[in-house]
Amino acid sequence: MTPSYKGRFAPSPTGYLHVGNAWVAVLAWLDARRKSGAFILRVEDLDEARSRDAYRQAMIEDLRWLGIDWDEGPDVGGPAAPYEQRLRRGLYEQALARLQEARELYPCFCARSRLLSIASAPQGLFSDEPRYDRRCLRLSDAERVELAAVKQPSLRLHVPDEALVTVDDRLLGRTTARPAEGGDFVVRRADGVMAYHLAVVVDDHAMGVTDVIRGADLFPSAFRQVYLAARLGYAPPRYAHVPLVVDEEGRRLAKRYGDLSLRALRQAGVRSEQLVGFLLWLAGQLDRPEPVRLAEATHRFDLARLPRHPVVWRKAYTAWLQAHADL
Ligand code: GLU
């Protein structure tokens, strides 16, 4: 039987999970369990040079400490195993071969420095990155052969200008955009590493994911991913992009904030109920940040109560957690 809801949390083991990751994981898990859905843990370790075994292991322990469990994942297996992207390369290659056959891909030999210097900064949704100017799309076959002799290319998906994608996000509403405004994007890097967009689309489909809950920073990615899914003949998942957690200066929390890693909080004796209480209070689910066990929050969870703006994690919250720790 296909469950009517299958959610997932898909972190990269490039550092210890922090409060911002816990926020997304808790919201994704609660939404899935509220709807009696299944939940998957997928390890996004495509970039093996940046991923570490110690982080992979810590991620599992820290999520369990929070009270999150999963029906499928690297440590418990499941019908779509393996759940670590570094072990799923064959599937991504098959998808690339299909796109290649449909002539949707082209090799790109441009150096990083050239890409960074491309002037036409895109507007709107895709404003964070320079838009590729399709120089390599126009290469002749002879030029490609010549360049390939000296340089390993990346592979780009050609996104036609006229393509339109609509994302009906449970929190952000319905938006229609042209994924081409973000440019033809890379599906396999020049060093051979598969690109995030490709792996996410292939895996969400192969694992039967129906619902993607993740940070609002990935909202623009949804347009590319829905487009790519359509090229591969897949129905896209439902999306909910949740507000980011930022610090008091408005910067999104990152792995560099050591004291906000779940590891550090645990080592300081913080109880997960206290952190979960804070997160649920920030998520509009509790009137006060009172300690709560994650499993007990399921029945009253309502994603629609989330704020629609970034959530500020104040230094005082960390200090409060540390001051009320068990040690
Ligand atoms: N692996 C991505 C990250 O850690 C998340 C991908 C996704 O949720 O689609 O940011």
Side-chain angles (χ1 to χ4, degrees), residues 6-32 39-52 55-56 58-60 62-63 66 68 70 72-74 80 82-88 92 95 128-129 165 167 169-172 179 182 185-187 189 193-229 232 234 236-246 251-257 260-262 303 310:
K6 207 175 207 191
R8 47 72 156 184
F9 180 57
S12 299
T14 54
Y16 291 118
L17 296 182
H18 54 75
V19 167
N21 303 120
W23 163 259
V24 173
V26 158
L27 298 176
W29 186 87
L30 282 172
D31 194 58
F39 199 66
I40 299 176
L41 175 66
R42 182 170 73 224
V43 180
E44 303 220 318
D45 52 2
L46 286 173
D47 192 341
E48 293 189 54
R50 292 180 56 224
S51 302
R52 298 268 177 283
Y55 295 139
R56 260 189 283 269
M59 165 187 289
I60 290 176
D62 293 346
L63 289 170
L66 274 173
I68 291 179
W70 42 91
E72 300 173 36
Y83 291 88
E84 290 154 290
Q85 289 187 328
R86 72 177 193 288
L87 306 175
R88 300 176 60 78
Y92 312 139
D128 284 357
E129 40 177 327
V165 167
V167 174
D169 188 282
R170 288 170 60 199
L171 290 167
L172 303 177
F185 59 89
V186 171
V187 286
R189 294 182 351 195
V193 173
M194 297 292 171
Y196 155 68
H197 293 306
L198 178 77
V200 162
V201 167
V202 168
D203 286 348
D204 282 341
H205 173 73
M207 296 177 181
V209 169
T210 62
D211 283 77
V212 169
I213 297 198
R214 61 185 182 188
D217 54 328
L218 292 171
F219 182 59
S221 298
F223 294 87
R224 291 174 161 175
Q225 292 168 11
V226 169
Y227 177 76
L228 180 52
L232 290 165
Y234 308 156
R238 258 186 312 261
Y239 290 101
H241 289 88
V242 302
L244 291 183
V245 184
V246 297
R251 287 174 306 203
R252 75 180 263 231
L253 299 192
K255 291 180 174 135
R256 64 178 179 276
Y257 297 85
L260 287 183
S261 75
L262 302 185
L303 194 78

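Order of listing sets the numbers, starting from 1, for every ligand and every atom in it. By convention here, the first residue in the shown sequence is residue 1.
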Could Asp45 and Arg52 be called an ion pair, given the rule that one side-chain N must be under 4.0 Å from one carboxylate O?
-> no
SB check Asp47 Arg86 (cutoff 4.0 Å) = no
Look at ligand 1 and say whether Tyr196 reaches it with a heavy atom at a distance under 4.0 Å.
->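 Contact present.
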Is Arg8 near ligand 1, meaning one of its heavy atoms is under 4.0 Å from it?
-> yes
[X] neighbourhood, listing ligand 1 atoms whose heavy-atom distance to it stays under 4.0 Å:
X: Glu44; value: 1 (N), 2 (C), 5 (C), 6 (C)
X: Arg214; value: 7 (C), 8 (O), 9 (O)
X: Ser12; value: 1 (N), 4 (O)

Could you tell me how the ring of Phe223 sits relative to the ring of Phe219: parallel (under 30°), tilted (30 to 60°) or perpendicular (over 60°)?
-> perpendicular
May I have all residue pairs that pass salt bridge (Lys or Arg N to Asp or Glu O under 4.0 Å) and include part of residues 195-208, sequence neighbours excluded?
-> Arg8-Asp204, Arg42-Asp203, Arg42-Asp204, Arg88-Asp203
Sequence neighbours excluded - salt bridge (Lys or Arg N to Asp or Glu O under 4.0 Å) pairs with any residue from residues 216-229 = Glu129-Arg224, Asp217-Arg252
Under the 3.5 angstrom rule, does the side chain of Thr210 hit a backbone N or O of Pro237 as a donor-acceptor pair?
-> no
Any N or O of Ala10 that comes nearer than 3.5 Å to an N or O of ligand 1?
-> yes
What about Gln225: any of its N or O atoms under 3.5 Å from an N or O on ligand 1?
->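 No.
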